[in-house]
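Written out below as structure tokens is the structure these notes cover.
Numbers restart at 1 for each chain; the letters A, B, ... are given by sequence-line order, proteins then strands. Hydrogens, waters and symmetry mates are skipped; everything else that's a heavy atom, side chains included, is used. Not measured: the values here are computed from a predicted model.
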There are 2 protein chains.
Amino acid sequence: MKISEVAEKAGLTVKAVRYYENVGLIPKPARQQNGYRSYDDSVLPILNLIHRSRAAGFSVDECRELIELFNNPARHSADVHELICQKVEAIEKQQAQLEHIKEHLIALASRCENNEKSTCSILASLTK
Amino acid sequence: MKISEVAEKAGLTVKAVRYYENVGLIPKPARQQNGYRSYDDSVLPILNLIHRSRAAGFSVDECRELIELFNNPARHSADVHELICQKVEAIEKQQAQLEHIKEHLIALASRCENNEKSTCSILASLTK
DNA sequence: CTTAAACCTTACCCTTGCAGTAAGGTCAAG
DNA sequence: CTTGACCTTACTGCAAGGGTAAGGTTTAAG
């Protein structure tokens, strides 16, 4: 398989696949005579794992941990469970922050004159 | 005022103040004989605006828009209101995404064996 | 047979919002 | 006189690739 083919099968871009190789997430593939990367199917589970966990908000470094667990036959499923739960907590923290900011903005907006004049209590409040 | 003084008054780092100058958010200040930047109080409202709106999730470019409105005596307060509301909508979009991801992760975790064995339906699901 | 499209390669710059560091100048206190 | 706390510019780095250049290859069509 050439790179565009694995990329498409995994739902990734060619650029991304080469990037994951550069940062060591996936092993360096064999090369054809012409220098083209030559993949076999064994890379697909890892690429799928990367694609899905990136989409689920994991950083590339966190993907690395997941891949190590995936590659480790002596892993405990509880370790994977733990990683997922940590991510859920991180997301909840982020949600709380966003909620906080949103409420602040809504409070600002509600005090706004919202008309064609230049007097603006939002700007007044933000520059104080 | 020297740079560390304005920075502290606005709750910013010296680095950040110089950065905002470089990207044109604040005007280039006068210089003392020794080359040190010399600020007067007029920069403080702008720095406060930057500090608060950055904390509220605005990008530096969005801060630029706010500053332009702040500097424009012919502004309409409705325009400021509009910017805030757009930001609120963006935050809500982000919240919805996070919620989506979180639910996905929770669903994964709930199906996990969560024990000392290596069989892991999370990894199975992510690599499929 | 030739050419153009569609691949592939490496390598470098761009993004965001600064922080860190180097290498140096300046200023006040002890 | 020296130490320490400031200040200056300038360069590098972070995340996670995207965009582009400049070139080699292959394949389908004319």
Side-chain angles (χ1 to χ4, degrees), chain A residues 1-40 43 46-67 87 90-91 94 97-98 101, chain B residues 1-40 43 46-67 87 90-91 94 97-98 101:
Chain A
M1 259 192 301
K2 283 192 269 188
I3 193 169
S4 62
E5 206 175 335
V6 270
E8 201 194 338
K9 283 193 183 177
L12 296 166
T13 66
V14 167
K15 266 291 199 194
V17 174
R18 278 195 285 247
Y19 174 74
Y20 297 142
E21 177 188 332
N22 280 336
V23 297
L25 284 198
I26 56 177
K28 287 185 188 294
R31 298 286 184 144
Q32 295 175 354
Q33 296 254 334
N34 53 19
Y36 290 12
R37 287 169 179 79
S38 177
Y39 296 91
D40 59 84
V43 78
I46 305 188
L47 288 179
N48 284 332
L49 177 60
I50 297 173
H51 175 61
R52 300 235 164 80
S53 27
R54 291 284 299 126
F58 285 82
S59 72
V60 166
D61 263 358
E62 289 166 332
C63 289
R64 199 187 309 276
E65 293 184 58
L66 283 170
I67 291 170
K87 196 68 196 174
I91 289 175
Q94 219 182 323
Q97 270 187 31
L98 283 179
I101 288 173
Chain B
M1 259 194 303
K2 283 192 268 190
I3 193 169
S4 62
E5 207 176 334
V6 270
E8 201 196 338
K9 283 192 184 178
L12 297 166
T13 66
V14 168
K15 269 291 198 194
V17 174
R18 277 196 284 249
Y19 174 74
Y20 297 142
E21 178 188 332
N22 281 336
V23 298
L25 284 198
I26 56 176
K28 288 185 187 294
R31 298 287 183 142
Q32 295 174 355
Q33 296 255 330
N34 53 20
Y36 290 11
R37 286 170 180 79
S38 178
Y39 295 92
D40 59 83
V43 78
I46 303 188
L47 288 178
N48 284 331
L49 176 60
I50 298 173
H51 175 60
R52 300 234 166 81
S53 27
R54 291 286 298 128
F58 286 82
S59 72
V60 167
D61 262 357
E62 289 167 333
C63 289
R64 200 189 308 276
E65 294 184 56
L66 283 170
I67 291 170
K87 196 69 197 176
I91 289 176
Q94 218 182 325
Q97 271 189 29
L98 283 179
I101 289 173

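Looking at residues 23-38 of chain B, you'll see B:R31, B:G35, B:Y36, B:R37 sit with a heavy atom under 4.0 Å from some atom of DNA chain D. Residues from residues 1-13 of chain A with heavy atoms under 4.0 angstrom of DNA chain D, sorted by number: A:T13. Looking at residues 47-60 of chain A, you'll see that no heavy atom sits under 4.0 Å from any atom of DNA chain C.
Applying the side-chain hydrogen bond (donor to acceptor under 3.5 Å, both in side chains) criterion to B:R64, with sequence neighbours excluded, gives B:D61.
Separating the CG atom of B:D61 from the C1' atom of C:dT15 is a distance of 11 Å, rounded to the nearest angstrom. Summarising the geometry, the separation between OH on B:Y19 and P on C:dT16 is reported as 7 Å, rounded to the nearest angstrom.
Looking at B:E62, its side chain does come within 3.5 Å of a backbone N or O of B:S59 through a donor-acceptor pair. Side-chain atoms of B:S53 never come within 3.5 Å of backbone atoms of B:A56 as a donor-acceptor pair (strictly under, hydrogens ignored).
A distance of 11.0 Å separates CD in A:Q97 from CD1 in B:I91, rounded to the nearest 0.5 Å.
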Name every donor-acceptor pair, under 3.5 Å, that has one atom in a side chain of residues 6-34 of chain B and the other anywhere in the protein, sequence neighbours excluded.
from  : atom 1 : to    : atom 2 : distance (Å)
B:T13 : OG1    : B:A16 : N      : 2.9
B:E21 : OE1    : B:R37 : NE     : 2.7
B:R31 : NH1    : B:G35 : O      : 2.9
B:N34 : OD1    : B:Y36 : N      : 3.0

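Looking at B:K15, its side chain has no donor and acceptor atom pair within 3.5 Å of the base of C:dG17.
Listed pair B:Y20 / C:dC18 meets the phosphate criterion, a side-chain N or O lying under 4.0 Å from OP1 or OP2.
Of all nucleotides in DNA chain D, those with any atom nearer than 4.0 Å to a heavy atom of chain B start and finish, going 5' to 3', at D:dC6 to D:dA10.
Just one residue in the list B:E5, B:K2, B:M1 forms a side chain to side chain contact (heavy atoms under 4.5 Å, CB included) with B:Y39, and that residue is B:M1.
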